[in-house]
Amino acid sequence: MRALPLRVDAVLVQALIAAALSFAHLHDLALAAGQDGWKAWAYPVSVDLLLVAAWRRLRSGAAKAAGWCWFLVALAASLGANVATAGLLDLDDVPAWLRILVAGWPAVAFLGGTLLAHGAPKPTEAPETAPEPPSTGTTPEPTAPEAEPPTATEAELPATETESAPAFPSPVPPALVALARKVADDHRARTGTPIDTPTLRARLGVPMPLAEAITAHLT
């Protein structure tokens, strides 16, 4: 297999060179402030790690105020060491205030790194539930409401009222009306009174609704 060619990023090379120089300046300043041995090498590591932690917090988008605060603190420590070792400060005679700052830096770096790494996470909002798609199945047919049982008042009505609907089509056949008129005339001639509907029904032998319709034609 052919090896892939290495791509050299100029920006990355420049960043490595700047980090190495800043690392050396922080080491020299810590060594001049009385932090010898491995402690002088730990100081630049703590500053660089605090810068990286603050930058990651800024990139995450959560609690940017805390990220910017600790990023500026770490940047000030790095820039201060670079300026102090540029010939403006006698490293053989470091002032007392600078020794105090160098000695107190580990506590500041520990506090900042802990807050950035274990800060309260931003509460995530509950995902919105998508509306359910309409069902493609057949919708159930509406069931007809159950018929209510008749009340006591309706049950006591006479059968003649419940059969008020005509069972035969209207109008009444003319032949049946003519026959009913003859029966009514004969009844008036014999009794002297007009024939009533029950009597007409009995004479003609028809249902009550039809008898009522015939009576309406006779009046």
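All residue numbers refer to positions in the sequence shown, counting from 1.
Between the CG atom in L101 and the CG atom in L29 there is a gap of 9.5 Å [rounded to 0.5 Å]. Rounding to the nearest 0.5 Å gives a distance of 9.5 Å between CG of L200 and NE2 of H187. In this structure, CG in D196 is found 9.0 Å from OG1 in T191, a value given to the nearest 0.5 Å. Atoms CH2 and CH2, from W55 and W68 in turn, are 7.0 Å apart once rounded to the nearest 0.5 Å. Separating the CZ atom in R57 from the CG atom in L115 is a distance of 8.5 Å, to the nearest 0.5 Å. Considering CG of L72 and CG of L51, their distance stands at 10.0 Å, rounded to 0.5 Å.
Note on L210: it clusters hydrophobically with V183, by side-chain heavy-atom contacts below 4.5 Å among ILVMFWY residues. Cluster membership check: V52 does not share its hydrophobic cluster with L58, using side-chain heavy-atom separations under 4.5 Å among Ile, Leu, Val, Met, Phe, Trp and Tyr. Transitive grouping of hydrophobic side chains (ILVMFWY, heavy atoms separated by less than 4.5 Å) keeps V47 and L31 in distinct clusters.
Qualifying salt bridge (charged side-chain N to carboxylate O under 4.0 Å, His left out) partners for R56, counting only residues two or more places apart in sequence or in other chains: none.
The backbone N or O of I195 lies less than 3.5 Å from no partner atom in the side chain of T199, so there is not a single donor-acceptor pair. With hydrogens and angles disregarded, no donor-acceptor distance shorter than 3.5 Å links the side chain of S78 to the backbone of A74. At least one donor-acceptor pair closer than 3.5 Å links the side chain of T215 to the backbone N or O of A211. Between the side chain of R99 and the main chain of A33, a donor-acceptor pair closer than 3.5 Å is present.
Between G112 and L50, the closest heavy-atom pair is C-CD1, 3.8 Å. V102 and A30 get closest at one heavy-atom pair: CG1-CA, 4.2 Å. A81 and L26 get closest at one heavy-atom pair: CB-CD2, 3.2 Å. Between N82 and H25, the shortest heavy-atom distance links the atoms OD1-ND1, 2.8 Å. Nearest heavy-atom pair across R201 and V206 is CG-O, 2.9 Å.
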W41 vs H27, test: side-chain contact (heavy atoms from CB on, under 4.5 Å). Steps then yes/no. CA-CA 6 Å; W41 296 102; H27 170 267; 3.3 Å; yes
Stepwise, does the side-chain contact (heavy atoms from CB on, under 4.5 Å) test hold for W70 with L75? CA-CA 8 Å; W70 290 108; L75 184 62; over 6 Å; no
Please assess F23 against V45 for the test side-chain contact (heavy atoms from CB on, under 4.5 Å), listing each intermediate value before the final yes or no. CA-CA 8 Å; F23 190 93; V45 174; 3.6 Å; yes
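For the pair V73 and W105, the minimum side-chain heavy-atom distance is below 4.5 Å. Counting heavy atoms from C-beta on, the side chains of Y43 and P106 come closer than 4.5 Å.
Checked for salt-bridge contact, K182 and D186 miss the test: no charged N lies under 4.0 Å from a carboxylate O.
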